[in-house]
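Reminder, nothing fancy here: chain letters follow the sequence lines and each chain counts from 1.
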There are 2 protein chains.
Amino acid sequence: MSGRAAGEQVTIADVARHAGVAASTVSYVLSGKRAISATTRSRVLASVRALGYHPNAGARALASRKANVIALVLPLRTGMQVPVVMRFATAVVTTARRYDHDVLLVTADEGPSGLHRIAGSALVDGVLLMDVELEDSRVPLLRELSLPGVLIGHPADSTGLACVDLDFRRAGELCVEHLAGAGHRRIALLGAPAAVYDRGTGFAHRTRRGVLAAAGRLGVEAVTRPCEENPAAVRRDLTALLADHPDITGLVVQNESAVEPVLSTLPTLGRRVPQDVSVVAVCPDELAEPSALTCVPVPAEEVGRQAVTLLMRRLRDEPVPEVTLLEPRLTVRDTSR
Amino acid sequence: MSGRAAGEQVTIADVARHAGVAASTVSYVLSGKRAISATTRSRVLASVRALGYHPNAGARALASRKANVIALVLPLRTGMQVPVVMRFATAVVTTARRYDHDVLLVTADEGPSGLHRIAGSALVDGVLLMDVELEDSRVPLLRELSLPGVLIGHPADSTGLACVDLDFRRAGELCVEHLAGAGHRRIALLGAPAAVYDRGTGFAHRTRRGVLAAAGRLGVEAVTRPCEENPAAVRRDLTALLADHPDITGLVVQNESAVEPVLSTLPTLGRRVPQDVSVVAVCPDELAEPSALTCVPVPAEEVGRQAVTLLMRRLRDEPVPEVTLLEPRLTVRDTSR
DNA sequence: GTCGGTCGTCGAAGCGCTTCGACGCCCCGG
DNA sequence: CCGGGGCGTCGAAGCGCTTCGACGACCGAC
């Protein structure tokens, strides 16, 4: 670059000298916090470009008490929903950059002490918490630390927090409306594992509620049952379900790991898809698309974007809604009619 | 917390006052850069704990000219092995924390200017570059910026850099050696999507080269072909492959999303596994293990750990080897004989 | 007993930036 | 023609930390 050995920092003083103004003027040009004449501004900007100036992040953070960095706390266990996490992370980084922020990657296994450290050292201005459990130990901590945070998913008590999530109730409704619209009168929800309902996990309950509500409203007979996660169990549960209710023609699946087994098991039970049974899932689109599965995708990108946007608003001390639910969309493919 | 309103920073001066020493003494206790008497040390440490002190990251970075942060530049394109990336990222964060560093997530789509910004603002001390292509534009940039960096994968010219990677060439050889040892004389490599080869991504090319080299050496006839990522395409490519070369008895698969489709398609083409066709994959072990697939696992954790370790060494200006290749191992399971 | 050398601690000087108050200057109203 | 008020710019004071040089105190060697 111009005139400086590589590795030498170009400072604001260099820019000021080059432009023939005071350092504070450069700062004001860059931040826009005071009026600056057009001529001065353009002169300064020219110098900035000529010297390849980038403000020193540490100095800026120290003086302004803003790191311009947010933390993304990712779940420790990386199971099935890995691709979703990835897409989500991408959306977060991209969106954060639009707000001139960077993203610090924190793994949940550092636990609460990680949050303490990050808050205490002013490394970040705010936190995005993924994989929030109903009773999450990090949630009260977040409140206590008065660290601005946004949660993905939502805990039992979301008072004073900001949560973003897909509107799973509406997602359940959408599935049923789609099936009912195609003439189905007897349907079933093959849901999350029983343990998930027992824990009272939000998304599972809300989906079920949505399914039942829409079914009632539309005069559709609906049964719901939990479903375990391993392929053998899925096969067993599905077989039992169809034995108990042989006249079911519509299936809503909300269980990532059940999708494939369901699709491969149905034909062996004498049910062609979609001629005999229509299948609709609430699952990541990556999972559905290769199988041409009709589904309500979990919009990872949109959630990421929203989460960052909300966090930025909180950082500016603007009020934000406690709960933000994203409107689900249904993508019709080949497994339903 | 003790005695401070939430959100108030505890500074080194607070600790010094509380312990009855000078601020610099606190600093030296914490950094260990000068000898401190045992009594003073323990008094200071007690105060640190009592007040819940965490050094301000910005101030520390400014004064020490070290951010204690490294950047992880992730590829976020198609054709990437997503779960591998995830595990890799986890390993990087965990290892970095062991060296008292944090990890900044940077997406490759910010491109070279992102590296410029990060280097110029002293946001990070060093960079981990994933998904390095044979001719990668970021590589010369890294050299020019004199930003300490470690590459995952390796470019054509690795002079003056540090690269870590699985020895994919050797992985390819291993697969062929295994098949040849079992008596197979006609084999095929079902590889990454064509776009990946076109991009000049190292691992794909090197694996292919290894396969061909070992085949030549061992008198095995080998054909290679790219393979797209969706199940339908895999089925099509595989069918075409076996139509063109019906006498193939060994298959090397290097494509995460092709593994399942290949295994489920072969029987429909009248090929039992492993009686008629042996299948060996280069893929994450998570993917291979449930299907009892013989494979050469990609050791994501180990690569991540090594990469961070190398970067830390570079940050201390210690010499590091230009290329670090991890020795692949072949895990024999049920799909080959 | 005296002198040099550690050892342990301190104070002060920045690191590069933001921000606050001050201060010309120019324009307008009286 | 003079005074008041923006507007545009400047200088200086930190932000919280590290690090350098200085300096007592204490020790062993002579």
Rounding to a whole Å, what distance do you find between [X]:[atom1] and [N]:[atom2]?
X: B:N68; N: D:dC17; atom1: CG; atom2: C1'; answer: 13 Å
X: A:L51; N: C:dG16; atom1: CG; atom2: P; answer: 15 Å
X: B:L30; N: D:dT19; atom1: CG; atom2: P; answer: 12 Å
X: A:D14; N: C:dG16; atom1: CG; atom2: P; answer: 9 Å
X: A:N56; N: D:dG16; atom1: CG; atom2: C1'; answer: 14 Å
X: B:L62; N: C:dA13; atom1: CG; atom2: P; answer: 17 Å
X: B:Q9; N: D:dC15; atom1: CD; atom2: C1'; answer: 10 Å
X: A:R43; N: D:dT9; atom1: CZ; atom2: C1'; answer: 11 Å

Nearest to the side chain of [X], which nucleotide is it out of [options]?
X: B:K33; options: C:dG16, D:dC17, D:dT19; result: D:dT19
X: A:S24; options: D:dT9, C:dG16, D:dG11; result: D:dG11
X: B:R34; options: D:dC10, D:dG21, D:dG14; result: D:dG21
X: A:S27; options: D:dT9, C:dC17, C:dT18; result: C:dT18
X: B:I12; options: D:dA22, D:dT18, C:dC17; result: D:dT18

When we call it a touch if two heavy atoms are under 4.0 Å apart, what does A:S37 touch: a base, just sugar-phosphate, or nothing?
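Sugar-phosphate: the residue A:S37, judged by heavy atoms under 4.0 Å, touches backbone atoms but no base.
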
Quick check: any donor-acceptor pair below 3.5 Å linking the side-chain of [X] to the base of [N]?
X: A:Y28; N: C:dC20; result: yes
X: A:R65; N: D:dG14; result: no
X: A:R60; N: C:dT18; result: no

Is the side chain of A:S42 donor-acceptor paired with the backbone N or O of A:T39 at a distance under 3.5 Å, no angle test?
yes

Counting distance only, does the side-chain N/O of B:S47 pair as donor-acceptor with the main-chain N or O of B:R43 below 3.5 Å?
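Here the side-chain-to-backbone pair exists.
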
Verdict with reasoning, A:R117 to B:D102, per salt bridge (charged side-chain N to carboxylate O under 4.0 Å, His left out)
CA-CA 11 Å; A:R117 181 176 62 83; B:D102 279 285; 2.8 Å; yes

When you measure from the side-chain N and O atoms of B:T40 to the phosphate of C:dG8, is any distance below 4.0 Å, counting only OP1 and OP2?
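The answer is no; no side-chain N or O of B:T40 sits under 4.0 Å from OP1 or OP2.
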
Toward the 5' end of DNA chain D, by each residue's nearest nucleotide, A:V21 or A:S64:
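Per heavy-atom nearest nucleotide, the more 5' residue is A:V21.
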
Do the side chains of A:E110 and A:I118 get nearer than 4.5 Å, heavy atoms only?
no

Is any side-chain heavy atom of B:L325 closer than 4.5 Å to one of B:D165?
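Answer yes - side chains close enough.
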
